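Positions are given from 1, in the same order as the sequence printed here. Values below: every heavy atom of this structure, side chains too, minus hydrogens, waters and symmetry copies. Here the structure is a predicted model, which means the values were calculated and not measured.
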Amino acid sequence: MLSRCDNRTRADYTVIPLSTSGAPGARRPLSSIIVPHSHSFPEFSLLVQTEHRLDLDMSTDSKPENSKQPSMVETDVGVDSEKLSGKLDADISPVALDAHYDPKAVTRVLRKVDWRMLPLLGFIYSISLIDRTNLGVARISGMGKDLNLNVGERFSIASMVYFPPYILLEIPGNIVLRWLGARSWITICVVGWGTAQTGMAFVPSWGLLCLTRVLLGAFEAGFFPAMAFIITTWYKRHEVQKRLAIFYLTAICLTGFSSILAYALQLIGDRGGLRGWRWIFLLEGLMTIVLGLLTWFFIPDFPDKNTFLSREETKLVLDRIEADRRDSLPDPITLRKVLKHLGDPFLWSCGFMYMSATMPAYTIAFFTSILLSGMGFGTRDSLLLGAPPYVAAAISCYFFAWISDKTNRRAIWIFLQSLITITGLMVTGYGKLNGVRYFGLFLINMGASGCIPGILAYNANNIVSHSKRSVSTALVVAFGGVGGIFSTLVFRQKDYPDYIPGIWATMACQFFMILLLAINTFVFRRRNKLARQGKRINEGTPGFYYTL
């Protein structure tokens with residue numbers, strides 16, 4: 001008999017119970033097929049198959065009144081996705097759901113997903129980084145003089161006002177993402193911040209520059225957490241960091257050469273009634289708007305909503321995720337769940353670690369050209385020398401991502417990269433020769449850039465369910481905005497050209513991150529030990545172990 005599940009479960013799906021004959025009160029075999037209706041292959045998608053014996057009585061008159069064993073109806077038609085997952089989990093066959101797939105077929109599908117998703121998302125993210133951090137380039141290209149940004153802390157304030165809306169709108173953005181869908185939401189974000197960027201080319205005063213920066217932050221808020229959320233729903237846990245690194249290093253490389261692009265744009269000079277620095281904002285803004293319109297046609301969506309894979313390929317992806325962590329299908333996002341997830345200390349620790357990692361990354365983005373100018377380099381050399389540290393960072397970022405996925409360890413490699421960052425900060429702050437201080441910028445960028453995808457993977461590996469993933473990615477990325485605010489406030493104009501207080505504040509964040517890594521490692525190791533002893537169930541999912 002075919003029965004429809006309650007619509008309060010993770011998705012509308014059909015449960016087909018098989019082999020249910022037998023005498024009342026007897027132990028009987030049960031095999032069931034759960035067919036999700038939210039997929040693009042509604043009639044034939046086999047998501048979960050269980051063949052086991054349930055120690056329960058199917059007849060209500062022979063079942064003890066105080067029994068806590070779920071009936072067949074309670075198991076197959078649960079009223080909550082988390083309860084359903086927990087009830088089914090204990091009864092799933094020890095054979096992995098994705099064990100029967102040909103490894104070559106798996107590799108082929110993953111490569112197809114990689115090429116469709118990562119280059120495009122990486123390119124869009126690089127544009128977002130360029131648009132939010134090109135103030136430093138524009139400042140030394142004439143904007144500082146034209147808008148009087150050298151008065152007091154005006155430049156730091158103009159850099160900082162971007163971040164409050166960026167922080168506050170992260171979690172609402174991820175909630176809207178599931179409602180509108182990836183294509184609509186990301187198109188709105190990209191076109192919106194492209195328009196704000198274009199408007200910066202026409203601001204006549206410092207105050208209006210700050211207003212356009214606020215709008216830029218508001219539209220960019222929904223993009224990066226959405227991208228991190230989407231990417232982590234496509235892959236198994238030990239495959240995530242390499243993908244996040246590829247996505248991020250694409251952005252690193254393109255962002256690194258943005259200073260060269262900006263130098264070329266400002267060479268346009270005073271044409272069409274616009275100063276050279278205004279052409280930087282105008283052309284980059286128009287390019288962003290065009291890219292935003294293209295995302296409508298090519299942006300990928302969540303696995304269960306994608307349109308570029310076949311039905312069989314989509315099933316393969318979903319089965320792999322289900323076998324890895326049992327959250328291939330989204331559970332409903334409610335206020336109660338959001339508040340529950342926000343009560344998890346691990347999410348906040350990841351947020352503070354991400355803040356600590358983004359602070360030196362923003363320092364490099366905002367102040368590299370200014371630091372180089374303070375070392376005595378001219379405008380041209382300051383812009384051109386800003387690119388090479390990003391190339392080194394991209395190589396380092398991918399190496400640590402590769403070894404992290406290879407060893408299935410996260411904390412130890414984040415720790416090593418934070419030590420590289422600390423070393424770079426010391427070299428840049430206290431080196432006597434410009435060449436030595438410039439080498440310190442390489443180390444800072446290599447360490448901080450690798451920590452960012454590492455922390456995102458560390459967070460994604462240690463949570464279960466779409467609702468928690470949505471909340472956690474938004475919360476963690478929001479803390480990146482806090483790191484941006486911190487960076488713009490501690491690198492003060494009066495400390496130019498060495499910025500020693502800012503360097504020490506950045507180092508303090510690195511030590512704080514190391515402390516949080518040590519605490520998380522201790523807690524996770526203890527929880528995993530208890531789970532192996534059968535004394536604890538991690539994340540409400542039997543068989544789930546935290547990634548250290």
Side-chain angles (χ1 to χ4, degrees), residues 129 132-133 135-136 156 159-160 162-163 224 245 248-249 251-252 255-256 258-259 350-372 374-375 385-397 400-401 413-431 436-456 458 476-477 479-492 495-517:
L129 288 179
R132 82 178 66 164
T133 59
L135 276 187
S156 293
S159 300
M160 183 270 293
Y162 163 92
F163 292 103
F224 187 55
Y248 191 68
L249 69 85
I252 290 174
T255 303
S258 68
S259 58
C350 283
F352 281 111
M353 287 191 293
Y354 194 76
M355 176 200 74
S356 300
T358 55
M359 185 178 174
Y362 276 119
T363 297
I364 290 292
F366 282 125
F367 294 99
T368 291
S369 299
I370 298 169
L371 286 169
L372 290 171
M375 293 179 194
L385 289 174
Y390 285 93
V391 177
I395 297 171
S396 174
C397 178
F400 278 103
W413 305 117
I414 297 173
F415 166 70
L416 290 177
Q417 289 174 100
S418 65
L419 293 183
I420 294 174
T421 305
I422 292 171
T423 303
L425 288 165
M426 292 294 292
V427 170
T428 296
Y430 292 97
V436 173
R437 297 181 67 195
Y438 181 55
F439 175 68
L441 294 179
F442 279 76
L443 295 179
I444 296 170
N445 217 351
M446 290 166 63
S449 296
C451 283
I452 288 173
I455 293 169
L456 290 173
Y458 187 51
V476 170
V477 176
F479 268 88
V482 177
I485 293 177
F486 200 11
S487 174
T488 59
L489 294 180
V490 299
F491 283 83
R492 301 170 298 181
D495 298 321
Y496 177 86
D498 295 325
Y499 294 107
I500 296 300
I503 285 174
W504 272 103
T506 308
M507 280 196 292
C509 285
Q510 305 311 298
F511 290 120
F512 182 45
M513 178 165 61
I514 292 172
L515 174 62
L516 291 175
L517 282 171

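The side-chain hydrogen bond (donor to acceptor under 3.5 Å, both in side chains) check on S356 picks up nothing, with sequence neighbours excluded. Judged as a side chain to side chain contact (heavy atoms under 4.5 Å, CB included), and not counting sequence neighbours, the contacts of S156 are E153. Residues passing the side chain to side chain contact (heavy atoms under 4.5 Å, CB included) test with T428 are L441, I444, sequence neighbours excluded. For Y162, the side-chain hydrogen bond (donor to acceptor under 3.5 Å, both in side chains) partners two or more places apart in sequence, or in a different chain, are R132, E220. Partners of L515 under the side chain to side chain contact (heavy atoms under 4.5 Å, CB included) rule, at least two apart in sequence or in another chain, are I519. Under the side chain to side chain contact (heavy atoms under 4.5 Å, CB included) criterion, S418 pairs with F415, Q510, M513, I514, sequence neighbours left out.
Classified by interplanar angle (parallel below 30°, tilted 30° to 60°, perpendicular above 60°), the ring pair F352/F512 is perpendicular. Ring geometry for F442 against F439 counts as parallel: the plane angle stays under 30°, on a 0 to 90° scale with 60° as the upper cut.
To the nearest 0.5 Å, atom CH2 of residue W504 and atom CE of residue M426 are 5.0 Å apart. Taking OH of Y362 as the reference point, atom CE of M160 lies at 14.0 Å (rounded to 0.5 Å). In this structure, CG in L489 is found 10.0 Å from CZ in F163, a value given to the nearest 0.5 Å. Expressed to the nearest 0.5 Å, how far OH of Y390 lies from CG of N445 amounts to 5.5 Å. The line from CG of L425 to CG of L443 is 9.5 Å long, rounded to the nearest 0.5 Å.
Scanning all heavy atoms of the two residues, the minimum distance from T421 to A448 falls at OG1-N, 3.1 Å. Minimum interatomic distance between S159 and L135 (heavy atoms only, all atoms of both residues): OG-CD1, 3.8 Å. Here the closest heavy-atom approach between residue G450 and residue Q417 is recorded as CA-OE1, 2.9 Å. Shortest non-hydrogen contact noted between C509 and M355 is SG-CE, 4.4 Å. In this structure, V427 and V436 approach most closely via the heavy-atom pair CG1-O, 3.1 Å. In plain terms, the two heavy atoms of Y458 and C350 that are nearest each other are CD2-SG, 4.2 Å.
Side chain of T423 to main chain of L419: a donor-acceptor pair is present (N/O by atom type, distance under 3.5 Å, no hydrogens or angles).
The closest side-chain heavy-atom distance from T506 to Y499 is not below 4.5 Å. Between Y354 and I452, the closest side-chain pair of non-hydrogen atoms falls below 4.5 Å. At least one side-chain heavy atom of P388 sits under 4.5 Å from a side-chain heavy atom of Y438. No side-chain heavy atom of I455 sits under 4.5 Å from any side-chain heavy atom of F479. The shortest side-chain heavy-atom distance between S449 and S396 does not fall under the 4.5 Å cut-off.
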Let's go through F486 and T358 carefully: what are the C-alpha distance in whole Å and the side-chain angles of both, what is the deciding distance for side-chain contact (heavy atoms from CB on, under 4.5 Å) to 0.1 Å, and is it a yes or a no? CA-CA 10 Å; F486 200 11; T358 55; over 6 Å; no

